Amino acid sequence: MKQHLRKLITDSINELLQQKGLPLPQGYTVQIERTRDASHGDFFSNAAMILAKQLGQKPRELAAEIVDRLAVSEFVDNCEIAGPGFINFFLSQKAHLQLIPDIINAGDSFGQCDHGKGEAILIEYVSANPTGPLHIGHGRGAAYGASLANLLNTVGYDTKQEYYVNDAGRQMDILAISVWLRYLDLCGQQLPFPEKAYQGDYVREIAAQIHQQHHDDFVIPLHELSGVDWQQHDVEVQLDKLIAIAKQQLGDAGFRTIFNAGLNRILSDIREDLQEFGVIYDNWFSEQSLTEDNFVNNCIKRLQDSGHVYEKDKALWFRSSEYGDEKDRVVVRDNGQKTYFASDIAYHVNKFKRGFSKTIDIWGADHHGYIARVKAALIALGENPDALDVLLVQFANLYRGKEKLPMSTRSGEFVTLRELRQEVGNDAARFFYVTRKSEQHLDFDLELAKSQSNDNPVYYIQYAHARICSVLKQMQQRHYRYEQEQALQYLNLLTETHEKALLATLSRYPEMILKAAEDYEPHLICFYLRDLANDFHSYYNTHHFLIEESRLRQARISLILACKQVICNGLRILGVSAPEEM
RNA sequence: GCCCUGGUAGCUCAGUUGGAUAGAGCGUCCGCCUCCUAAGCGGAAGGCCACAGGUUCGAAUCCUGUUCAGGGCGCCA
């Protein structure tokens, strides 16, 4: 409809300019926007005000000349000039009513478009280290990423979803020795447990499992651990020492057994957790695979060959400051270990090598300092940094009423995503997570999410859907016939204010979806659905659908069927169910 | 010190390619079920859009400065 109106206006302006013998002014676009107030019609354009200055005319006069030349359209009843020079369009009933068959015929695909033209996008999100269960912060990234992926697919992109598994590196080694120490404890060797090791109960569970399967196989003589200075102040040194001893004493195979026991157990737990949350990945990408393929080394080599890497203090540094980062960054530490950054470079290059024209990363907001260095590396390796969009998600604070709940991964004191889901349910969790703009801090109130009352927007929307289903059920019980083709003939009977309002809101759905996708803002869907549910509930409370008069009844049923369809489509993108009864 | 975010009703927040009288929920107050689910609807009250300048037909929105709050600035991940 916007397109249609834009064409009307543009044609009129062109004709006007021709008559006056004026050239088309440069650099203007005719804007067609929805009005906020129904008394201003359905759409308005500010074309006259934009052009007035360049043409040296008063906006209202110009507007009048434009309106005079507008072609007749079956979708437009009337045009008015208002305020400083707005041109308001009042759409015909025909324009409004066409929407219902459009929605019903399109069904689940209503709102879809080919804006993305099948472009391949890779979206990577959550990617939490497999060193423990997901907590509520990860949940937000999961809900946001999954909804965004659905949104992008809805507007015609071919989006693949990926989880990057940090299954290499020091943190995983620390997990392994955490498990090992708990295991030794079970074997009767009581040793101090470093505070920076992983404290959670799940570590003991993994240790118990190993103990059950392997008994005392991984016990070593106590004196071998005498090299660890438990009084050592620098806990990082202490951990490194423990790792070294464990690797040496247990051998590669032994250490791998413990390492993998931890990795596999935790990873499958994460996988299951996300799956239950409706978050399904196309690919789980292993960091180890980058090392095994020598991909990381190749990238470092390429950077070296092109002079982007230098040696200082026995470490290798990447000159990221040449490409906008505030300082250079280490890729290989003085002890020969590659940093996570080195893997990250390789991983991002790898993404582009797989043929994605756009990649989206969703990171916690605390990682924002990493954007510059990753983009710098992409530039240095000849990739287009603008093809990477990094979206930051702020942390979520959890409240139980007024009480703020603690969050700390290492200490093991945190509420897991699983606990949250069990307490408030998947639907409420998915909805609440995306109800705020992602870069906003989110206060997640457990009490509110759980409340089965009108405080809770999730139930409010789902309730609208359930009510429609209930009406349809009643219709059958009362043996009222509903015949689609016939019903669509009677749509012109829908003249009530509430019906017009509902139609107007329904018609906004496709453009809302497109904007939400373009701006990466699924929260717009939440607000839209709230509006739509509100329009429906008002309508429901004011008018009856199952009335004696057959033609009006059928027309109304068509309208609420369209409404039901749009609620379903919106909720599906958010990963929230649309229950038939509540 | 530098860099991100943010400051809109009592509370939680929508609202940026500048548009007409700034919106919603919650909370408060007042109404609505012999009728398709009251998990609902209607109405009222509630605002210097942090502050000060600037840009223009027009600013919550764009620019500059100030201020307050949260976060980030490791050979950690």
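Computed from a predicted model, the values in this text were never measured in an experiment. Chain naming here is simple, since letters A, B, ... match the order of the sequence lines and numbering starts at 1 in each.
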- Task: Taking the six-membered ring of A/F545 (Phe, Tyr or Trp), confirm whether the NZ or CZ of A/R553 is under 6.0 Å from its centre and within 45° of its axis.
- Result: no

- Query: Has A/R530 got its NZ or CZ under 6.0 Å from the middle of the six-membered ring of A/Y460, at an angle within 45 degrees of the ring axis?
  - Reply: yes

Which is true for [X] with a 4.0 Å heavy-atom rule: it touches a base, it touches only sugar-phosphate, or it touches nothing?
X      : result
A/N534 : sugar-phosphate
A/K327 : sugar-phosphate
A/P84  : base
A/A464 : nothing
A/H367 : base
A/F527 : sugar-phosphate

- Message: I'd like to know whether the aromatic ring centres of A/Y528 and A/Y509 sit less than 6.0 Å apart in this structure.
- Response: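 Yes, the ring centres sit under 6.0 Å apart.
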
Sequence neighbours excluded and cut-off under 3.5 Å, please list the side-chain donor-acceptor pairs for residues 469-480 of chain A, or say none.
{"from": "A/K473", "atom 1": "NZ", "to": "A/E581", "atom 2": "OE1", "distance (Å)": "3.1"}

N or O in side chain of [X] less than 4.0 angstrom from [N] OP1/OP2:
X      : N      : value
A/R333 : B/rG74 : no
A/S538 : B/rG42 : yes
A/K437 : B/rG15 : yes

- Task: Identify whether a stacking contact exists between A/H40 and B/rA20, where the ring centres must be under 5.5 Å apart and the planes under 30° apart.
- Result: yes

- Message: Does the structure show A/Y460 stacking with B/rA39, if we require the centres to be closer than 5.5 Å and the planes to be within less than 30 degrees of parallel?
- Response: no

- Message: Enumerate the salt bridge (charged side-chain N to carboxylate O under 4.0 Å, His left out) contacts for residues 497-515 of chain A, please, sequence neighbours excluded, ordered by first and then second residue.
- Response: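 Matches after skipping sequence neighbours: A/R34-A/E511, A/E499-A/R556, A/R508-A/D531, A/K515-A/D519.
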
Any donor-acceptor pair, under 3.5 Å, between the side chain of [X] and the base of [N], if you only look at N and O atoms?
X      : N      : result
A/H537 : B/rC41 : no
A/N541 : B/rG40 : yes
A/N88  : B/rA20 : yes

- Given side chains that start at C-beta, do those of A/V332 and A/T339 come closer than 4.5 Å, heavy atoms only? no

Nearest-Å distance once atom [atom1] is located in both [N] and [M]:
N      : M      : atom1 : value
B/rG10 : B/rU21 : C1'   : 24 Å
B/rC26 : B/rA39 : P     : 14 Å
B/rA59 : B/rA45 : C1'   : 28 Å
B/rC4  : B/rG46 : C1'   : 34 Å

- Note on the structure: Counting only Watson-Crick and G-U wobble pairs with both atom distances below 3.5 Å, the stems of 3 or more consecutive pairs that include RNA chain B are B:1-7 with B:67-73, B:10-13 with B:23-26, B:28-32 with B:40-44, B:50-54 with B:62-66

- Would you check, one step at a time, whether the test side-chain contact (heavy atoms from CB on, under 4.5 Å) holds for A/F90 with A/C79? CA-CA 6 Å; A/F90 292 76; A/C79 281; over 6 Å; no

- Got a salt bridge between A/R170 and A/D240, using NZ or NE/NH1/NH2 to carboxylate O under 4.0 Å? yes

Taking the minimum atom-to-atom distance to the side chain of [X], which one of [options] wins?
X      : options                : answer
A/R530 : B/rG25, B/rC75, B/rC4  : B/rG25
A/E326 : B/rA39, B/rC73, B/rG72 : B/rC73
A/D334 : B/rC75, B/rG40, B/rG72 : B/rC75

